[in-house]
Structure formats: C-alpha cells, structure tokens
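Below: the structure, in structure tokens.
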Amino acid sequence: MTDRLDAYAELVVRVGANLQPGQTLFVNAGPEHVDLARALARSAYRAGAAFVDVRYVDQHVRRAMIELGPDEALTASPDWQVQRAKSLDGNALAMIAGEAEPELLSDLDQQRVGRARQVAVIENMLKLQNARAINWTIAAYPTAGWAEQVFGEPDVERLWDAIAASVRLDEEDPVGAWREHAARLRARCAQLDALQLDGIHFEGPGTDLTIGLLPESRWVGGGIDTKDGIGHVPNLPTEEVFTTPDARRADGTVRSTRPLALGGTIVRDLEVRFAGGEIVDVQASSGADAVRGQLATDEHAKRLGEVALVDGESRVGRQGITFLNTLFDENATCHIAWGSAVLFSAPDLAGRPPDELRARGANVSAVHTDFMVGGPEVSVDGVTRDGKRVPILREDVWQLT
C-alpha cells in the first residue's frame, strides 16, 4: 500500500501538477484524504517545492453551515481564504476528490445545498486557471464510503484497483504511458481543429441538442501549458478532448446518461432544456433543486462553458463502473458543463475583461459543473460553418481518421 501510495503521489506531483522547483504546492483535501496529502507533501519536497500548504475541508462542518447557518454563510469567503486563492498565482495546486459520504447532504434543503459555494474564492481560482497562471491537477483518493456507494460494499481495495487502472498507475512506466496517451488526445484535437466547426450536435434517447462554437475555439486534450510553458494534466484521469462553446448558442434538450454527484447530493435522471443558450428547465428524479440552486449562483451560471468528447476507448469507461464522482464519470463519456468557460481552449480570448468575454460568447461565472451526456446510444456530429454535418461519434466509436 505504501509503495502504491507513493507512486500515485509521484504521478500527481510530477505529471498532474508538474510541480517545478521553488514553487509552493497548495493541496485542497478532506480529512479522509490525509494519507494522500502527506504522500503529496513528501513527493513535492523531493521535487524541490519551496513549501507545501494543505487545507482540509470537513464536509460535516459544511453540512452544519447549510443546515443551521445564516443565508450569508452559504457564499461567505473569508479574506484569508480569498488571499490564499490569489496566492496560487505562479504556483502549483493539487485538489483531492473522493467523498467519504457522497450523499451526506441529500436530506437537507437542496436549494441551500446548491447555493453553498465560496463565490469569491472560486472566482479568483477560476480566473487564475483560465489565465493559465497555475499548474494544477485534480486526483482522487478511495474511501470506504465512496466504495460502498459504487460497489454496494466498502471494498476500498477494489476501488484502488479501478483508480490505478484509470490513471495508468498499473503500467510498468506510468509516466511514459501518459506521454503516449497525451499524444493520442492531441492528435484528435488536431483533427477537430482542422474541421473549423461551428457547432456540435448530440442526438440520442431524450437528447437533441445543438451547441454553437466560437471562431476562437480550439480543441484541447492530453494536458495544457501554463503561460510560462509548464505542461500539466488538470485531470487524473483524462480521456477527453474539449473546447469552449458559444454561450449564446445552445438549443434543445439533453438527458444526462450518468448520475451527477453534486457536492454532497446525487442528481439522478437529469434532463435539461436550453433555449437561446440558456437553461430554461431542469428536471430530475432526485437532486433537481440542488441543480436549480447552483444555477441561481449568478445570472450567467445557466449558460454553457465547456463541451467535451470521449469515446469508448476510454480507460475509465471500459471498466463499466459508474464512479459517482465527476472526475471519473466525465472521463468515461461525453459531457458538457454549465457555468464558466474553459478559456485555455480559446487562448485569443484569455485575459480579456468579463464583459468583453461575454459579449464575444465566452461565459464567465462562479460555477463550472460538468454532467455526462454521452454513450453508445448518443450520436455526435460536428456542424461546419457551411452547415455540413460530420460524424464524430457513432456507438462510442471515433469516426475521424
């Protein structure tokens, strides 16, 4: 276990965040992630970190705030936490996912659950990420509660194996395997960029959705570079190629193909309707109010900020597991995200003020939430600027050659 944990921490630090000597590594974790946080600290100092700063967030404390706290506490951002977010500039960040109790907040007022976000902290972090001023990554740590939710029993070892396979930790040379995988994803991005698409169309059971793209949109996959040229992999695992949509152009309906874990509650059977780029209706068998509460965070949360394509060769998807964790489930199949745009896929727009970005079709919000919309029954077409349709995915098979 110690050897595997240390190898995983090395992958997170050296491939995911790609920490550089002299940088501070900021770590955001839960109390249940303490073993990985400690391993990350050891790996970071071996890699030349100037300092490792770990912040633990206890979901039971968050539950107490949502259940018993005043309304203003839901979005409060203490000055010291805002300053910590600003201090990410020029440094590295590792965020650890994997909730010990994925439905801890499911019995609370779901509107309050959806609204409970440290808006100023998130805004500052998103601003730095979009400016490519941080080399950052998200990785997961298995917990008994998460394993229970996924497998029906607290089989942490089985969940460890699934995570290891997903992040290529089971390879003889994980770093080399990541380089090869990243090259494949970049080749797909080149295929899509060459098409100069104006839109993406999803069609399947309960889904008929067309999403516009921006002239500045570029496809990204396999990792990104900071403005200082530090290559890093924001998600471990990653199987997607993604881009920035035109927030003014999304029309139709979409049915989520996997449950969505939304900060302590699970949204099931989500169906969303768009008109003129905006979400105008939300339905779900559970968790709909949590979605509606999050969409009320600001006036721009109801518009799209990302569209991502994943095919059936995904290491995550091939395991046949619904992870109930967006980091993994979004890398099992195609997904879209409401909220802030991923501006590192529209580099010509990066650094522009929010009003100009919105005027040009790139969304700015304190929210960014991915939900899964793909699968074997969902066809994906590209729409060219002259209206021609180009098949991209059929029965989860990549069509471009």
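As the structure is a prediction and not an experimental result, all values here were calculated from the model.
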**Report entry** 4.5 Å side-chain heavy-atom contact, Trp398 and Gln191
**Finding:** yes
**Report entry** salt bridge (charged side-chain N to carboxylate O under 4.0 Å, His left out) between Arg186 and Asp193, intermediate numbers included
**Finding:** CA-CA 10 Å; Arg186 287 194 294 268; Asp193 282 341; over 6 Å; no
Query raised in the report: Given the side-chain rings of Phe274 and Trp338, with only the six-membered ring counted for Trp, is the space between their centroids under 6.0 Å?
Result: no
Requested in this report: Determine the interplanar angle of the Tyr8 and Trp160 rings, folded into 0 to 90°, and report it as parallel if under 30°, tilted if 30 to 60°, perpendicular if over 60°.
Outcome: perpendicular
**Report entry** Criterion side-chain contact (heavy atoms from CB on, under 4.5 Å) on Leu309 and Phe242, from CA distance to verdict
**Finding:** CA-CA 6 Å; Leu309 306 179; Phe242 62 90; over 6 Å; no
Requested in this report: Assess the side chains of Gln81 and Gln118: does a donor N or O sit below 3.5 Å from an acceptor N or O?
Outcome: yes
**Report entry** Salt bridge Asp161-Arg4, side-chain N to carboxylate O under 4.0 Å
**Finding:** yes
Query raised in the report: Hey, are Glu216 and Thr244 close enough side-chain-wise for a donor-acceptor pair under 3.5 Å?
Result: no
Report task. Start with the C-alpha distance between Val373 and Thr207, add both sets of side-chain angles, then the distance that settles side-chain contact (heavy atoms from CB on, under 4.5 Å), and finish with yes or no. Result -> CA-CA 8 Å; Val373 300; Thr207 292; 5.7 Å; no
Query raised in the report: Would a distance-only check, ignoring hydrogens and angles, find a side-chain to backbone donor-acceptor pair under 3.5 Å from Trp136 to His232?
Result: no
Query raised in the report: Do the charged groups of Arg179 and Asp173 touch, with an N to O distance under 4.0 Å?
Result: no
**Report entry** Close side-chain approach of Val113 to Leu262, heavy-atom, < 4.5 Å
**Finding:** no
Query raised in the report: With no hydrogens and no angle check, is any side-chain donor or acceptor of Arg358 less than 3.5 Å from a backbone partner on Val364?
Result: yes
Query - Asn331 side chain near Glu240 side chain, heavy-atom distance below 4.5 Å - result: yes
Query - Side-chain H-bond candidate by donor/acceptor type, Thr226 with Asp228, under 3.5 Å - result: no
Requested in this report: Take atom CD of Glu377 as the centre, draw a 6.0 Å sphere, and report whether it contains more than 12 heavy atoms from other residues, nucleotides or ligands.
Outcome: no
Report task. Mind running salt bridge (charged side-chain N to carboxylate O under 4.0 Å, His left out) on Arg360 and Asp348 for me, showing each step along the way? Result -> CA-CA 11 Å; Arg360 295 179 64 163; Asp348 292 345; over 6 Å; no
Query - Contacts of type salt bridge (charged side-chain N to carboxylate O under 4.0 Å, His left out), residue Asp289, not counting sequence neighbours - result: Arg292
Query raised in the report: Are Asp71 and Arg112 close enough for a salt bridge, meaning some N to O gap below 4.0 Å?
Result: yes
Query raised in the report: Does a side-chain heavy-atom distance below 4.5 Å link Asn363 with Ser340?
Result: no
Report summary line: Those residues at least two apart in sequence (or on a different chain) that pass side chain to side chain contact (heavy atoms under 4.5 Å, CB included) with Ser43 are Ala9, Glu10, Val13, Arg46
Query raised in the report: Side chains of Ile279 and Val291: closer than 4.5 Å at any heavy-atom pair?
Result: no
Query raised in the report: Does Lys127 come within less than 4.0 Å of Asp89, counting only side-chain N to carboxylate O?
Result: no
Query raised in the report: Within a strict 4.5 Å, meaning less than it, do heavy atoms of the Glu306 and His335 side chains meet?
Result: yes
Report task. Could you check Ile96 against Leu40 for side-chain contact (heavy atoms from CB on, under 4.5 Å), going step by step and ending with a plain yes or no? Result -> CA-CA 10 Å; Ile96 306 176; Leu40 290 175; 3.9 Å; yes
Query raised in the report: Is there a side-chain contact between Ser314 and Thr333, using heavy atoms and a 4.5 Å cut-off?
Result: no
Query raised in the report: CG of Asp386: more than 12 outside heavy atoms within 6.0 angstrom?
Result: yes
Query raised in the report: Does Asp251 use its side chain to pair, donor to acceptor, with the backbone of Gly276 at less than 3.5 Å?
Result: yes
**Report entry** Note, Val307 side chain near Cys334 side chain (heavy atom, < 4.5 Å)
**Finding:** no
Requested in this report: Could you give me the CA-CA distance, side-chain angles and deciding distance for Arg62 and Leu105, then say whether side-chain contact (heavy atoms from CB on, under 4.5 Å) is met?
Outcome: CA-CA 9 Å; Arg62 186 166 177 264; Leu105 310 180; 3.1 Å; yes
Query raised in the report: Does the distance from a Lys or Arg side-chain N to an Asp or Glu carboxylate O, for Arg249 and Asp246, drop under 4.0 Å?
Result: yes
Report summary line: Of His33, Arg55, Arg84, the one forming a side chain to side chain donor-acceptor pair (under 3.5 Å) with Asn28 is Arg84
Query raised in the report: Crowded around Glu395 CD? As in, over 12 foreign heavy atoms under 6.0 Å?
Result: no
Query raised in the report: Is Arg268 paired with Glu103 through a side-chain N to carboxylate O contact shorter than 4.0 Å?
Result: yes
Requested in this report: Can you sort out the partners of Ser217 under side-chain hydrogen bond (donor to acceptor under 3.5 Å, both in side chains), two or more places apart, ordered by chain and number?
Outcome: none
**Report entry** Exam field: side chain Asp198 to backbone Val383, donor-acceptor pair closer than 3.5 Å
**Finding:** no
Query raised in the report: Salt bridge check: are Arg168 and Glu239 linked by an N-O gap of less than 4.0 Å?
Result: yes
